[in-house]
Colleague: 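This is the structure I want to talk about, given as structure tokens.
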Amino acid sequence: AAAAALEHTLAGGRAAFAPGLERLAARHRWDAVAAPLADYVHDGRSSRAPRRAMRPGHAARHGGYVVLRKLLDGIGLRDRPRV
């Protein structure tokens, strides 16, 4: 059955597939594919994602880091890894 189906498909030749391939090629042209991206870039929205609320543990860790970093900066200890 599979061999017969393959023979039937191949018997049509390339011309049988031309209309479908032309439609597919038109749908995947660069300007058609890039249009949504170009619209996103040119519509003036910010490129940054909206900020999510931090979980309590993350907020505590972040707050502690900020406080200690400012404290260390205040006393002149700036030898720390940069993030």
Colleague: Let me confirm one number: the CG-OH distance from Leu68 to Tyr65, rounded to the nearest 0.5 Å.
Modeller: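 Rounded to the nearest 0.5 Å, the CG-OH separation comes to 10.0 Å.
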
Colleague: Quick check for you: to the nearest 0.5 Å, what is the distance between His62 atom NE2 and Arg55 atom CZ?
Modeller: 14.0 Å

Colleague: Which heavy atom of Ala32 sits nearest to which heavy atom of Arg27, and what is that distance?
Modeller: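 So the minimum-distance heavy-atom pair works out to CB-O, 3.9 Å.
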
Colleague: Return the CZ to CG distance between Arg29 and Leu24, rounded to the nearest 0.5 Å.
Modeller: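 Answer rounded to 0.5 Å: 13.0 Å.
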
Colleague: Quick check: do Val66 and Arg69 have side-chain heavy atoms less than 4.5 Å from each other?
Modeller: no

